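Input: a single structure, listed below in structure tokens.
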Amino acid sequence: RSGTEPGVAVDSIVLGGTAPLTGAASRYAAVARGAWAYFQYANNRGGVYGRKIHYRYVDDGDNPAITVTATRQLIQQDKVFAIFNSPGTATNLAVRGELNGGKVPQLFVASGATTWGRDYGQYPYTSGFQPTYQAEGWVYGKYLARTASGSRVAVLFENDDYGKDLLGGLKRGLERSRVKVIAAEAYEVTSTDVASQIAKLRASGADTLVLFATPTFAIQAYQAANRIGWKPKHVVTNAAAAASASMQAASFGGRNRLVNGTISIQFLRDPTDLRSRKDPATGLYRRIMKQYAPGANADDPLYVYGMAAAWTAVEALKKAGKDLTRASLVAALDTFTAMGNPFLLPGIVVKTAGKDHDPIEQMLLRRWQNGSWKAFGGLWAYPAS
Amino acid sequence: MTALLELHAVEARYGPLQALRGITLEVPEGSIVAVLGANGAGKTTTLRAVSGMVKRDGEITFAGKPLRGGPEAAARAGIAHVPEGRGTLTELSVIENLRLGAYTRRGRSVRADIERMADYFPWIPERGDQTAGTLSGGEQQMLALARALMSRPRLLMLDEPSVGLAPLIVREIFSIISTLNEQEGLTVLVVEQDVRIALEVAATAYVLEVGTVALSGTSAELRGDEAVRRSYLGY
Amino acid sequence: MAALLSVEEITLRFGGIVALDGVSFEVEAGHIAGLIGPNGAGKTTAFNVITRLYAPDQGRLEFDGRSLLETPAHRIAEHGIARTFQNVNLFTSMSVLENVLVGGHRLGRGTGEKEARAMLEYVGLGVRAGDLAASLPYGLQKRVEIARALAAKPRLLLLDEPAGGLNHEGVEELGDFILRLRDDHELTVLLVEHHMGLVMRISDHVNVLGSGRKIAGGTPADVRANPDVIEAYLGSEAGP
Amino acid sequence: MAAFFQQVVSGLASGSIYGALALSIVLIHRATGVINFAQGEMATFSTYIAWTLVTHHGFSYWPAFVVALVVSFLGGVGIHEAVIRPVERGPRIRVVIVTIGLLLVLNGLVTWIWSGEVRAVQSPFPARTIDVGGVAISWQDIGTIAVCLLSVLVLGAFFRCTKTGLAMRAAATNPAEARLVGVRVSRMLAVGWGLAAALGAVAGMLTAPSVFLSPNMMLTVLIYAFAAAVLGGIDSPVGAVVGGLLLGVGLNLLGTYVDFVGSDLGLPAALLVILVVLLVRPAGLFGKPRVRKV
Amino acid sequence: MRREPLRALALFAALAAVVFVLPAFVNDFRAQQFAYVGIYLVALTGLNILTGYAGQISLGHGAFMAIGGYTASILMIDHGVRDIATIPLAIIVTGIAGVLFGLPAARLSGLYLALATFAIAVAAPATIKRFEGFTGGGTGVNLFGIPELTASDAPLQLFGFELDFNNWIYYLSWTIAIAGYVLAWLILRGRTGRAFRAVRDSEIAAVSSGISLTRTKVLAFGISAAYAGAAGALFAVATAFVNPDTFPVTLSIFLLVGIVVSGIGSLQGLVAGAVFIVFMPLWAQTVSKSPGAPFVVYGGVLIVLVLVLPGGVAGLIASARRLTRRRQDFPKP
Ligand SMILES: Nc1ncnc2c1ncn2[C@@H]1O[C@H](COP(=O)(O)OP(=O)(O)OP(=O)(O)O)[C@@H](O)[C@H]1O
Ligand SMILES: Nc1ncnc2c1ncn2[C@@H]1O[C@H](COP(=O)(O)OP(=O)(O)OP(=O)(O)O)[C@@H](O)[C@H]1O
Ligand SMILES: [Mg+2]
Ligand SMILES: [Mg+2]
């Protein structure tokens with residue numbers, strides 16, 4: 001092929017992406033900003049085969065219709081090489097068909113829906129990144145099955161693919177165990193609070209509470225349970241992984257005891273983890289933040305997420321070779337292994353091969369204790385289905 | 001008698017249309033002055049100019065001081081204007097209208113004054129809580145007058161107070177105004193189409209024609225004036 | 001001559017206020033009928049009942065032998081009744097001409113600009129056709145309302161204080177105009193007015209309301225001489 | 001049965017939050033005749049100010065509360081002077097659009113300044129709950145409802161009995177006539193904006209301990225508050241609070257006991273009920289229908 | 001006097017010609033952006049009929065667009081109907097929905113109506129999501145997989161011209177937009193339009209002139225919703241994807257913003273309103289990409305526009321026209 005690949009020049013690669021810079025989901029803009037910062041860092045260290053990565057992200061306000069037009073703009077007008085790491089499930093679903101139709105890579109979708117890996121055959125230009133919500137739910141299930149035999153579980157979940165996938169995973173993890181999900185209550189993103197759901201869950205007589213909710217609602221759930229004097233034995237949440245500040249908020253400076261002992265998973269480095277202060281990887285992260293995202297709140301793990309994805313993208317571009325084409329990138333991702341990502345937990349490998357197209361499938365469990373997360377146990381790996 | 005209100009070469013316009021082309025008139029303290037004229041002559045606009053409801057040029061002096069600002073300033077200076085149409089606060093109750101009439105005054109004796117209004121207009125007490133906007137046309141007209149009197153003004157400006165009122169009430173209203181004028185020295189500037197009754201109560205009168213003063217004089221003079229008789233009194 | 005409009009025993013209350021209390025009167029075809037009474041007597045309310053803006057609590061209402069009580073307000077025009085309002089009620093963002101065109105709404109697509117313009121000429125507003133209705137002086141706005149009402153080609157025209165705010169000359173003209181109107185358009189007119197000179201001069205018949213009740217009815221001369229009317233409304237020194 | 005009452009109680013708790021914001025919407029409508037889409041964002045902004053004072057400037061709760069109130073009042077007046085006053089005289093819809101612009105600006109500013117992170121805000125009420133026959137009721141909720149009811153009383157008295165309250169209503173409904181009696185209409189409207197902003201700040205401070213502080217804290221609350229205000233009658237403070245409580249309880253009970261509705265159709269169902277109420281009472285439960293004399 | 005309509009016609013024809021040739025001068029992607037301008041123009045025309053002319057404020061037009069969009073999408077995906085053929089059906093379905101909503105809503109006025117319409121905008125996404133079997137739930141409907149029903153894959157042959165997707169959607173949108181615009185003009189200049197404005201200015205006087213409030217309002221709702229339906233269908237075809245989040249509450253609000261920017265109660269500025277809706281968010285983020293900053297820019301510009309253009313863009317056009325006319329009239333005696 002001649003060197004006329006869109007977005008690729010002798011000295012540059014243009015990546016594009018959408019992100020909610022405005023509206024209710026605007027916290028996730030941090031993902032794009034983190035990635036941008038890492039690309040700057042990588043560029044200053046020579047880029048990829050001498051090509052600097054220009055990462056251009058545009059606002060979609062988490063509205064899929066805008067994602068479509070914004071993505072078209074990136075491809076048709078800005079001639080980007082690939083779409084990279086746009087957050088959101090519906091938003092990415094909206095453009096997946098079109099991207100694959102146009103053979104444009106939809107690289108490392110920032111969403112844990114199962115469809116990215118599962119439907120790889122149909123949409124080979126699309127790849128996921130993080131552990132799927134199913135995988136995460138499954139880990140919680142396995143953990144409860146092992147350590148809390150006989151307990152009765154109540155689940156609060158968001159009424160969309162995100163919550164439902166987590167719930168599905170949890171149930172799979174609990175299969176053939178003596179732990180039962182005895183109640184599950186959904187909430188809508190348009191709700192103002194979840195007190196009603198928590199009251200219902202409590203009335204079910206459950207002794208374990210699982211929160212598959214976004215940070216605000218998870219925090220509210222702690223508070224609501226506390227207010228009606230419900231003290232379930234175990235609390236599990238995924239939301240904490242998204243922001244540790246939210247756990248601080250939930251615990252109200254330690255006054256809400258329910259928060260202590262909460263279980264969550266983790267696959268990213270936690271920038272606030274005390275033990276990693278001296279860790280070189282964390283040092284690198286903080287340096288990059290300071291230099292390329294000054295003023296941003298470096299404690300927000302969403303920046304880590306963006307950097308982890310960007311780091312992986314650089315590896316993938318390297319593997320795609322000097323004669324970079326969209327096809328060569330997709331081929332490179334078909335069988336792909338990247339170890340030593342400084343923004344993922346040590347030991348976690350980004351890996352795809354054969355039918356398995358979920359890049360990250362390993363994670364650690366951690367527990368909230370006395371104001372911070374403590375990881376425990378070894379890496380869990382979701383068995384490829 | 002000194003002039004309480006003086007207009008000197010006052011002009012006003014609505015967009016491109018010049019409604020007042022230099023009005024000069026004088027309202028002596030303690031007198032009743034009538035403004036007459038055909039429809040569209042600028043009578044209403046003259047009153048609006050005084051109370052600042054329209055942009056105006058020229059000099060307006062009230063109690064020796066130049067009058068500036070909008071209607072609220074005029075009200076605060078002691079001018080009560082009962083505008084053309086009704087001028088009640090339609091969404092408020094009758095009593096609330098009266099209370100607001102006394103808005104610029106210090107608290108005292110508001111209740112006593114409300115009672116006085118009830119004497120003038122006996123229907124007021126039983127309708128105290130009725131929303132002003134649902135009163136009949138004439139009732140609203142009376143309420144507007146009562147509201148204006150509540151402020152105990154130095155100058156009362158009435159724009160066609162007789163419109164929509166029953167003949168009996170018209171006479172009653174003018175007798176109230178005369179009485180207040182005689183007993184309390186209330187100064188009144190009244191625009192009226194019923195020239196007969198206007199000239200009965202007013203000491204002096206001005207006749208406007210397309211935005212200027214065409215004629216002025218004492219009521220007696222005007223009553224005797226052939227032209228006035230023919231065009232305004234019809235005999 | 002048979003009655004064109006008959007109002008029978010109409011009662012209407014607003015909460016505790018009895019605005020109309022068993023009021024009955026008739027208007028004969030071709031007449032100019034005056035409806036007078038003190039402020040708050042219920043005259044405008046009677047208009048509102050006749051035009052179905054208000055539903056009476058009791059009573060019957062017949063126009064040309066048919067009951068109107070089942071007719072919704074917007075069909076009243078179709079029956080041939082049009083009105084003006086005591087406080088001018090124009091379509092303020094429209095031109096004078098458009099106001100009149102809306103008046104002809106019930107006649108369907110047929111009524112064109114030509115007739116509306118003719119109507120404006122008739123009321124002496126031909127040159128103001130293009131002006132914004134709200135920019136006219138009060139007196140002229142009242143005339144626009146009359147033109148708008150006439151555009152519906154009514155058989156019965158209800159006028160609520162048309163002389164309000166007119167000067168002496170204007171009132172005289174208005175009287176002549178109403179008389180001419182009746183003859184030119186074969187109209188019946190029900191006239192609410194406080195200007196006694198006008199009412200007495202042009203009415204064929206006058207009804208008097210007081211506090212929601214009918215207190216008198218008859219020829220202008222009868223009514224003027226009626227002591228109840230003098231007491232409640234005219235006062236002892238009734239005008240000419 | 002305890003489960004039922006727990007749902008009612010938690011509905012009252014949510015409802016009091018809707019009612020608190022609805023109250024400030026009603027206030028601004030009564031005092032200026034405007035529906036303010038930015039009311040929620042103004043409340044959020046005020047709450048962030050209080051939060052910053054407490055967390056970064058060493059203020060304790062009540063001083064921070066008072067400062068936030070004062071700043072909000074001034075901010076409300078400033079907003080009126082800067083962007084509302086120029087459009088006040090024209091058609092209402094322009095004012096509405098300006099408030100939509102304000103909503104965007106304030107929401108953007110909050111995100112920009114304080115980031116999207118969720119924050120915990122201290123509550124002025126005890127963290128404990130009381131137990132009534134197996135139903136847990138928290139002091140926070142009792143406090144919120146109490147403050148709402150108190151505000152209703154104060155507002156009602158203010159609008160009905162004081163000269164300024166009367167003048168404010170007059171300025172909102174008949175500005176031209178109000179000026180004729182000497183009311184400084186513009187100043188009244190500015191004060192109205194100030195008071196509404198301050199009341200909004202109270203609503204924000206009451207809301208934040210329950211729903212937690214984030215830039216979009218009030219975005220959905222605003223929708224419920226509108227619904228509550230309309231249900232109660234847009235000019236009625238009592239209606240706003242009752243409307244809020246009814247909405248909160250109604251949503252919970254519909255979601256819990258009507259299977260078809262569940263959690264996902266709760267909001268549509270509640271809105272449908274409100275529409276039906278409006279068809280029967282077009283001016284809301286406590287609203288006075290506007291009668292225009294013909 | 002007589003020349004006025006002719007001149008307007010000529011101007012309109014000239015503008016239509018510009019619309020026709022525009023794609024030849026801009027790049028492919030721009031054509032698509034302008035297609036969205038056309039789509040919003042359709043929606044704004046409808047909303048202005050209802051809100052600007054009939055005086056019935058609607059904060060719920062996004063919901064009508066959603067009905068149109070889903071009608072088109074479901075017809076395409078489940079019944080294999082070609083994109084262009086879905087539009088008439090979308091118009092009919094939404095028009096009926098508008099009438100059904102208008103029947104009760106006609107009883108409400110002012111703020112109560114505004115909030116009733118707002119309620120449908122709020123309720124629409126949840127309701128769509130709930131009836132998953134029909135609407136695809138939160139996942140939505142993806143039209144990209146059916147290229148044979150749109151020009152999304154292969155260029156379309158039309159009268160010997162070859163139209164790729166972007167140009168196809170451009171011409172489709174603008175044909176409908178222009179047709180809708182002319183239709184609106186025809187409706188509004190005559191008896192029906194006068195009835196709308198009469199109801200807006202004074203309900204009482206309108207009733208007394210023989211205008212049925214219910215009929216007029218319901219008609220306005222129906223017409224207006226039908227426009228929104230057409231816009232929604234076009235939107236779905238152009239975006240090739242619908243889900244509940246594509247018709248958020250903010251869409252309804254921005255449509256209202258659009259007609260105020262255009263100038264309420266006038267057809268002249270509508271294109272400007274549509275341009276504002278499409279391009280303003282894009283421009284706002286070029287100023288700053290910090291989270292939240294685009295909203296600050298957008299909101300700020302919106303406020304300034306409303307302050308400096310009291311009559312919207314239409315008002316600006318009108319005063320410009322007054323100026324030139326006065327200059328022309330001057331020499332005449
Ligand atoms: N709001 C307005 N906009 C435009 N022109 C107006 C306005 N008000 C009055 N005018 C015009 O100004 C002129 C003077 O009107 P004004 O109301 O002062 O007359 P008037 O003497 O009070 O008449 P009337 O006896 O009818 O009340 C008239 O030509 C009138 O058309
Ligand atoms: N909507 C309403 N609510 C309450 N009271 C009303 C309403 N409409 C009219 N009224 C009362 O009914 C009575 C009759 O009013 P109406 O307007 O018919 O009087 P009118 O005879 O036309 O008087 P005027 O000569 O002053 O116009 C009045 O006392 C009025 O206050
Ligand atoms: Mg006048
Ligand atoms: Mg009357």
Side-chain angles (χ1 to χ4, degrees), chain D residues 29 35 37-38 82-83 86-87 89-116 215 219-220 223-224 226-227 229-231 233-234 262 264-272 274-276 278-279 282-284 287 290 292 294, chain E residues 51-52 57 59 101 104-105 107-116 118-127 129-131 202-205 208 249-250 253-254 256-257 259-261 264-265 284 288 290-308 310-312:
Chain D
H29 185 254
I35 271 296
F37 273 84
V83 297
V87 291
R89 299 269 163 86
R92 281 283 146 81
I93 190 165
R94 289 179 62 214
V95 188
V96 170
I97 299 298
V98 169
T99 68
I100 290 173
L102 272 174
L103 176 144
L104 294 173
V105 169
L106 290 176
N107 181 285
L109 272 181
V110 168
T111 313
W112 205 354
I113 300 174
W114 285 288
S115 91
L219 234 42
T220 46
I223 289 172
Y224 292 87
F226 273 154
V230 168
L231 178 61
I234 192 73
D264 36 2
L265 283 190
L267 183 55
L271 291 173
L272 190 70
I274 291 176
L275 283 190
V276 172
L278 282 188
L279 293 182
R290 237 180 213 204
R292 291 294 306 286
V294 183
Chain E
T51 302
I57 195 169
L59 279 167
F101 180 76
R107 301 195 39 176
L108 303 175
S109 58
L111 280 173
Y112 293 93
L113 178 65
L115 292 155
F118 192 51
I120 59 166
V122 170
T127 314
K129 204 164 115 186
R130 169 60 182 265
F131 297 100
S202 166
E203 296 202 346
I204 297 285
S208 298
V249 177
T250 44
I253 292 175
F254 286 138
L256 198 66
V257 164
I259 62 165
V260 170
V261 168
I264 206 110
S288 166
S290 301
F295 266 5
V296 179
V297 176
Y298 188 122
V301 171
L302 177 58
I303 292 173
V304 169
L305 269 184
V306 176
L307 294 194
V308 300

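Just so it is clear: chains get the letters A, B, ... in the order the sequence lines come, proteins before strands, and each one is counted from 1. Given the structure is predicted, the values throughout are model-derived calculations rather than measurements.
- With a 4.5 angstrom heavy-atom cutoff, E:T51 touches chain D only via side-chain atoms.
- Screening residues 95-104 of chain D for side chain to side chain donor-acceptor pair (under 3.5 Å) gives no qualifying pairs among residues at least two apart or on separate chains.
- Considering only heavy-atom pairs separated by less than 4.5 Å from chain E, the leading option among D:L265, D:I113, D:L267 is D:L265.
- Of the two parts of E:L305, neither the backbone nor the side chain holds a non-hydrogen atom closer than 4.5 Å to a non-hydrogen atom of chain D.
- With chain D as the partner, the residue from E:V122, E:T250, E:I253, E:V304 showing the most heavy-atom pairs under 4.5 Å is E:V122.
- With a 4.5 angstrom heavy-atom cutoff, E:I259 does not touch chain D via any of its atoms.
- Contact tally against chain E (heavy-atom pairs below 4.5 Å) for D:I274, D:V276, D:L278, D:T220: the top residue is D:L278.
- In this structure, the separation between CD1 on D:I35 and CG on E:L59 is 10.0 Å, given to the nearest 0.5 Å.
- Only the side chain of E:S288 comes within contact range of chain D, with at least one heavy atom under 4.5 Å from a heavy atom of that chain.
- Closest of all the heavy-atom pairs between E:R107 and D:P282 is NH2-CG, 4.0 Å.
- Your options are D:L279, D:L109, D:N107, D:V110, and the one with the most heavy-atom pairs under 4.5 Å with chain E is D:L279.
- At distances below 3.5 Å, at least one donor-acceptor pair connects side-chain atoms of E:Y112 with backbone N or O atoms of D:A283.
- Per-residue heavy-atom pair counts under 4.5 Å with chain E were compared for D:G284, D:P215, D:G101, and the maximum is reached by D:G101.
- Between E:I303 and D:L102 the shortest side-chain heavy-atom distance falls below 4.5 Å.
- The side-chain heavy atoms of D:I223 and E:F118, taken from C-beta on, include a pair separated by under 4.5 Å.
- Annotation for E:G300 and D:V105: closest pair N-CG2, 3.3 Å, computed over non-hydrogen atoms.
- Of the two parts of E:V306, the backbone and the side chain both hold a non-hydrogen atom closer than 4.5 Å to a non-hydrogen atom of chain D.
- A 4.5 Å side-chain heavy-atom check between E:L256 and D:I93 finds at least one atom pair inside the cut-off.
- Heavy atoms of E:I57 lying under 4.5 Å from chain D belong exclusively to its side chain.
- Using a 4.5 Å heavy-atom cutoff, the side chains of E:L111 and D:H29 are in contact.
- In this structure, D:W112 and E:V296 have side chains that are in contact, with non-hydrogen atoms separated by less than 4.5 Å.
- Both the backbone and the side chain of D:I234 come within less than 4.5 Å of a heavy atom of chain E.
- Heavy atoms of D:A82 lying under 4.5 Å from chain E belong exclusively to its backbone.
- Closest heavy-atom contact between E:V260 and D:R94: CG1-CG, 4.5 Å.
- In this structure, the portion of D:L275 lying under 4.5 Å from any heavy atom of chain E is its side chain and not its backbone.
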